[in-house]
Number of protein chains: 2
Amino acid sequence: MLGHEEAQEQALRATEGLFYARGIQAVGMDAVRTASGLPFKRLYQLFPSKEALVLEFLHRRDAQWRQALADYVGGHTTPDERVIAVFDWLHQWFSEPDYRGCAFINSFGEMGGISAEVAEQARHHKEAFHGYLTALVTASGRPAELADQLALLAEGAIVTAAISGAPEPAWQARSAARLLMGALDRNGPKGLDRTRASN
Amino acid sequence: MLGHEEAQEQALRATEGLFYARGIQAVGMDAVRTASGLPFKRLYQLFPSKEALVLEFLHRRDAQWRQALADYVGGHTTPDERVIAVFDWLHQWFSEPDYRGCAFINSFGEMGGISAEVAEQARHHKEAFHGYLTALVTASGRPAELADQLALLAEGAIVTAAISGAPEPAWQARSAARLLMGALDRNGPKGLDRTRASN
DNA sequence: TAGACTAGAGAACGACCGTTCTCAATGCAA
DNA sequence: TTGCATTGAGAACGGTCGTTCTCTAGTCTA
């Protein structure tokens, strides 16, 4: 028999693809059992309920996604390159054959209104991404407000690539990001509209 | 008894709030019956299945959403103001107390992987929005590529406002939009990165 | 070898889903 | 008034869901 950890790994790895491809509510525990090869009894020993499995899936996905992004960005040296690398990585992600958007945006859309925990996980994931982007932007000597805008471009590209089924939004976002960085370099931080934006 | 049209109106109006707030799969036909006040028999005369009701809901929402946006934008005169007005309208939308993101992004996340029709409706809605934005942008004498970027900002703001629960992303997007418009005015269309972006 | 424990496969359970059916109440034509 | 079609309210149906239970088949200990 597999140990607790390995079995949990196996269940989560099998679950991942199912939840991402079909959504959460459309995947029954029976499909999880079949995909993981673990009997119900074991499954419910590892995760006391489907909700617990879902939350673990999201937790794990958050960690893996941000790690993959950081790994890719880490392969670039200058601060400017590192900011732009985010969008190159997005294009790579969008080009995966079974890309279907951001798991957190999707689960928020599906369950954000009925599960406070799922909504909280989405919020946490997006805040972490935003924080990472802010670090990259400030490391390039630019104001944090730029990170807000780049985050919007990234989120927009994620959604648009998913719905349209094409990876091009990554390039459009990258192009806009370059323009925004250039605009700041020319005008200084006052180039941003600070009359209403609070951060 | 109500006529066919009025009953359909009533059913859809009642359904709207339910689907938008809780998602589609989490709303049972029993909840639709209760909210609409229509008995099952009548409901299934008006819509042969839940799926038909869902698709009608999306169709209707698309029309109303785009009309509301066009109405707001139409209240502004100069082409530049009209482009910026889109983001003002977004802020207004985000500030509604029960705002929970874009119904199409949400349904795509929930059902895009299991219902081709829902995915198609989302694609159609986003294409229509993109087309509208392109018309506003080209009317302002700027290249259509800018519309791609503004669309990403808008989509990103829609998602971020939903998940964070705050309307500020509208201002951040507006600020970025102004910068992008300004950058184009300074550099001409060549300011855009056309080496990889195809449109 | 005997016996206590455990794992695995899947049946079973209660709840709920979308959908259909029943049937008493109603409106209306003659 | 009688007969007939249509309505509304909700029970019923088959199916599926998340979860638990049963029962067989091992496996380890003494």
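No hydrogens, no waters, no symmetry mates; every other heavy atom, side chains included, goes into these values.
Taking the six-membered ring for Trp and thresholds of 30 and 60 degrees, W65(A) and H125(A) have ring planes more than 60 degrees apart, a perpendicular arrangement.
Between the CZ atom of R33(B) and the C1' atom of dT20(C) there is a distance of 13 Å, given to the nearest Å. Here the P atom of nucleotide dG18(D) and the NZ atom of K41(A) are 20 Å apart, to the nearest Å. Taking atom CD1 on I24(B) and atom P on dC17(C), their separation rounds to 15 Å, with Å as the unit. Rounded to an integer number of Å, the gap from OH of Y44(B) to P of dT7(D) is 18 Å. Between the CZ atom of R42(A) and the P atom of dA9(C) there is a distance of 12 Å, rounded to whole Å. The distance between atom CD of Q45(B) and atom P of dT7(D), rounded to the nearest whole Å, is 6 Å. Nucleotide dA9(D) holds its C1' atom 16 Å from the CE atom of M29(B), rounded to whole Å. Between the CZ atom of F40(B) and the P atom of dA12(D) there is a distance of 14 Å, rounded to whole Å.
In plain terms, the two heavy atoms of L12(A) and E56(A) that are nearest each other are CD2-CB, 3.9 Å. Listed here is the closest heavy atom pair of R174(A) and I84(A): CD-CG2, 3.6 Å.
For the pair R66(A) and Y132(A), the NZ or CZ position fails the cation-pi test of under 6.0 Å to the six-membered ring centre and within 45 degrees of the ring normal.
Of the candidate nucleotides dT20(D), dA9(C), dT19(C), dA9(C) has the atom lying nearest to any side-chain atom of P39(A).
Counting non-hydrogen atoms under 4.0 angstrom, V27(A) reaches the backbone sugars and phosphates but no base.
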